[in-house]
Amino acid sequence: MRVVIAEDQALLREGLVALLREKGIDVVAQAEDGAGLLRIVAGHKPDLAIVDVRLPPSFTDEGVRAALEARARMPGLGILILSQYVEPVYTAELLESGGDGGIGYLLKERVGDVKAFVGAVERVAAGGTALDREVVAELVRSRDPGGGDGALAALTPREREVLGLMAEGRTNTAIARQLVVTPGAVEKHISNIFAKLDLPATDEDHRRVLAVLTFLRDG
């Protein structure tokens, strides 16, 4: 796995580099701004870019803009956004950007949970999703639980809850533990979700990603 990092805070950037390299992940280049991100992506063709949402000079949305441009130039690039705050609109923009790469959005405070953070890096680099639980909660709050006419309307409240936990990147075992149910019950819920969303019978990892994308895109 080849990773690049775009982060203007030198201390955090070096900390990320050290953490990932200690776990055997190849950090091939670093940048401090959006223009630098585009240069290192073009030069190194990484599997994943870890990007601060706010970069110089204005510290508004330069990071996510550069990430979107990098993804447009390299559709298979995985993007893991790090942010100080919950800003679900940026997740939506990444989803609409197309491409085959994975998508992640984590609060910076989650980096302290090394195991979970490295798991998120690996998942997004492999084409999956890793969304902060607060981002998922905000997305859920922004939708009418009653459904509407979207693809999610057929899901039960429990199935929506399972799908939200899938969006965080949780395994079946972790979902079962969170909901205090058996792993078999979780598997049944997920099977129902796949059927109701009419997802193709490919491998389960791919179907999980498709289900999560439906969850995030369907208003």
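Every value quoted in this text rests on a predicted model; they were computed, and no experiment measured them. In what follows, every heavy atom counts, from backbone to side chain, and hydrogens, waters and symmetry copies are set aside.
Under the side chain to side chain donor-acceptor pair (under 3.5 Å) test applied with Asn172, the options Glu187, His189, Arg208 reduce to a single match, Arg208. The side-chain contact (heavy atoms from CB on, under 4.5 Å) with Tyr105 is formed by just one residue from the set Ile79, Val64, Leu131; it is Leu131.
The two residues Ala130 and Arg123 come nearest to each other via the heavy atoms CB-NH2, 3.6 Å.
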task: For salt bridge (charged side-chain N to carboxylate O under 4.0 Å, His left out), just list the numbers for Lys196 and Glu159, CA-CA rounded to whole Å, side-chain angles, deciding distance to a tenth of an Å, and then say yes or no.
output: CA-CA 10 Å; Lys196 290 180 179 180; Glu159 288 164 356; 2.9 Å; yes
field: Full working for side chain to side chain donor-acceptor pair (under 3.5 Å) between Arg54 and Gln84
entry: CA-CA 9 Å; Arg54 300 174 185 272; Gln84 198 74 34; over 6 Å; no
message: If you apply the rule salt bridge (charged side-chain N to carboxylate O under 4.0 Å, His left out), what do you find for Glu69 with Arg73, and how did you get there?
response: CA-CA 6 Å; Glu69 178 62 26; Arg73 297 181 187 183; 2.8 Å; yes
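In this structure, Thr156 OG1 and Arg160 CZ are separated by 9.5 Å, a value rounded to the nearest 0.5 Å. The CG atom of Leu68 sits 7.5 Å away from atom CD1 of Ile81, with the distance rounded to the nearest 0.5 Å. Interatomic distance, CZ of Arg13 versus CG of Leu16, reported as 9.5 Å (0.5 Å rounding). The CZ atom of Phe59 sits 9.5 Å away from atom CG of Asp33, with the distance rounded to the nearest 0.5 Å.
Side chains of Val28 and Val3 form no contact here, defined as non-hydrogen atoms less than 4.5 Å apart. Between Val4 and Ile50, every side-chain heavy-atom pair lies at or beyond the 4.5 Å cut-off. Looking at heavy atoms from C-beta onward, Val51 lies out of side-chain contact with Ile5 at the 4.5 angstrom threshold. Counting heavy atoms from C-beta on, the side chains of Glu32 and Leu55 never come closer than 4.5 Å.
The existence of a salt bridge linking Arg158 and Glu161 is confirmed by a sub-4.0 Å separation between a basic side-chain nitrogen and an acidic carboxylate oxygen.
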